[in-house]
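Keep in mind that what you see is a predicted model, and the values were worked out from it rather than measured. The sequence lines fix the lettering, A, B, ..., with proteins before strands; numbering per chain opens at 1.
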2 protein chains.
Amino acid sequence: MISDPNSERRSERARRAILDAAFDLVNRKGFAKLTIEAIAAQAGVGKPTIYRWWRSKGAVVLEAMREELGDDFAFPDTGDIAADLTTQITAVSQRLVTGRISEAYKGVIGEAQNDPALMKAFRETVLEPSIAECRARLESAVAAGQLRSDVPTDVMVDLFYAPIHYRHFLGFGDDAVRRSAELVRDVLLGLRPRPDAA
Amino acid sequence: MISDPNSERRSERARRAILDAAFDLVNRKGFAKLTIEAIAAQAGVGKPTIYRWWRSKGAVVLEAMREELGDDFAFPDTGDIAADLTTQITAVSQRLVTGRISEAYKGVIGEAQNDPALMKAFRETVLEPSIAECRARLESAVAAGQLRSDVPTDVMVDLFYAPIHYRHFLGFGDDAVRRSAELVRDVLLGLRPRPDAA
DNA sequence: CTCGCGTGACGTTACGTTTCGTTTTGACAA
DNA sequence: TTGTCAAAACGAAACGTAACGTCACGCGAG
């Protein structure tokens, strides 16, 4: 590990080339066959430059994915919670399974299983912003009386996000996308307010 | 890759030693730091013997985990679906997060992201038997009028299994176990039959 | 002048395979 | 049931290869 580089003198050109090369390579070769040496070669950069600024290839790919993703995690709010959830959950599922970041996403989470710092970074920069947007939308639906109020919204979030990730990581493939609308419909069957006390 | 060994002449002694060493090492070192060479050394076995019978360390660990797990995926059936689900989902969550197979489970699924054959084997030998048991129990509950009949039971299974895996893979740790009973309770709020047509 | 940069080389680790005796095993004969 | 024998799996060792993460060097930009 190289100690304490001065980030003010950092080369933006090298940084961009590294992230671009990493993102291109992870999609063409897959995360497992991605190497720091290949990133350096394609980026026209020295290996020490990569090791100077990132702890692992997982960290590089996370940052590349993070930039590809942008910082717009906004949830639509048309007033119709069923429509908004169907739109967004399907979109997220599609982005995970068939989208540009699919390989990077799987790879980072796989590596993060053995790298707590990487897991922390992934959750803070990718997962939690997305969860927060979803929960905010669900809370507004609860306030509008469109969803029951006796199930915590963070559990509701899990009911939508967990199946998407579960199906993605466990290799259900396109099936996960196809069934995402059905998932939203079925979960909403249970999350609608009910007049009686069952 | 070595071609077509005769499984009738296979050494059970070597097989046992390899699986035991793999399972011990994956728990002590973690899956990422597990190597075929270390397995061979600890098992007192030559590397070619491992490569002769398994395609990768993931395949070795899967088989070791599979044997540790046994083939009893039975779901309790006391007639009370809430109690049975709470018991079993909590148990499965605990086994995943803090149990003996935790490291092996995470490692195999991580490697399976880049190894379709391993993913297929994992699903067929571990995941699907467990899902089948869960779904059978849910179907009997539907038949008994304890659960609504307008949500497919395979979606119901996902509502319980997906959050467990999702929380495990995304590093929620012990929190996943602590909240599993709450999860069952909240999901059941929505899966109970409702008298009205909302 | 400083310090990040690219280059190239370093020792190390693990890969997956090959070679080579040794030992086990199933098949067959008595 | 028991003995023998060839085939094949075995353990050990060594191989070339790939990528690791680090270091030393000289260049060039701030």
For this session: Indicate yes or no: does A:Asp71 engage A:Arg66 in a salt bridge with an N to O separation below 4.0 Å.
Result: no
Seminar exercise, completed: Whole-Å distance, B:Lys29 NZ to C:dA14 P, equals 10 Å
Exercise. Hey, is A:Asp154 close enough to B:Arg179 for a salt bridge, meaning N to O under 4.0 Å?
Worked result: yes
Seminar exercise, completed: Heavy-atom nearest nucleotide on DNA chain D taken for A:Lys47 and for B:Gly46; more 5' hit belongs to B:Gly46
For this session: Answer yes or no: does a side-chain N or O of A:Thr49 lie under 4.0 Å from OP1 or OP2 of C:dG6?
Result: yes
Exercise. Between B:Arg137 and B:Asp84, does at least one N-O distance fall below 4.0 Å, as a salt bridge requires?
Worked result: yes
Exercise. Of B:Ser11 and B:Leu34, whose closest DNA chain C nucleotide lies nearer the 5' terminus?
Worked result: B:Leu34
Exercise. OP1 or OP2 of D:dA29 sitting under 4.0 Å from any side-chain N/O of A:Arg10?
Worked result: no
Exercise. B:Arg52 side chain N/O closer than 4.0 Å to the phosphate oxygens (OP1, OP2) of D:dC10?
Worked result: yes
Exercise. Should A:Trp53 be listed as having a side-chain N or O under 4.0 Å from OP1 or OP2 of C:dC5?
Worked result: yes
For this session: Could you tell me the separation between the NZ atom of A:Lys33 and the P atom of D:dC20, rounded to a whole number of Å?
Result: 15 Å
Problem set entry | Distance, rounded to the nearest Å, where A:Asn6 contributes CG and C:dC5 contributes C1' | 14 Å
For this session: Tell me what B:Arg13 touches on the nucleic acid: a base, only sugar-phosphate, or nothing, going by heavy atoms under 4.0 Å.
Result: sugar-phosphate
Problem set entry | Atom-to-atom span, CD of B:Glu37 to P of C:dC15 - whole angstrom | 5 Å
Exercise. Under 4.0 Å between a Lys/Arg side-chain N and an Asp/Glu carboxylate O for B:Glu67 and B:Arg16?
Worked result: yes
Exercise. B:Ile50 has an atom CD1; how far is it from atom P of D:dA13, in whole Å?
Worked result: 16 Å
Exercise. To the nearest angstrom, how far is A:Ile39 atom CD1 from D:dG21 atom C1'?
Worked result: 14 Å
Seminar exercise, completed: Here the distance between atom P of C:dC5 and atom CD of A:Glu8, to the nearest Å, is 14 Å
Exercise. Which one, C:dT24, C:dG4, C:dA14, comes nearest to the side chain of A:Arg9?
Worked result: C:dG4
Problem set entry | Pair A:Arg15 + A:Glu63, salt bridge at N-O below 4.0 Å | yes
Problem set entry | Among C:dG4, D:dG21, C:dG6, the one nearest A:Val45 by side-chain distance | C:dG6
Exercise. Which listed nucleotide (D:dA9, C:dA9, C:dG4) is nearest to the side chain of A:Pro5?
Worked result: C:dG4
Exercise. Separation of A:Ile18 atom CD1 from C:dG4 atom C1', in whole Å?
Worked result: 12 Å
Exercise. A:Tyr51 side chain: which of D:dG21, C:dG6, C:dC3 is closest?
Worked result: D:dG21
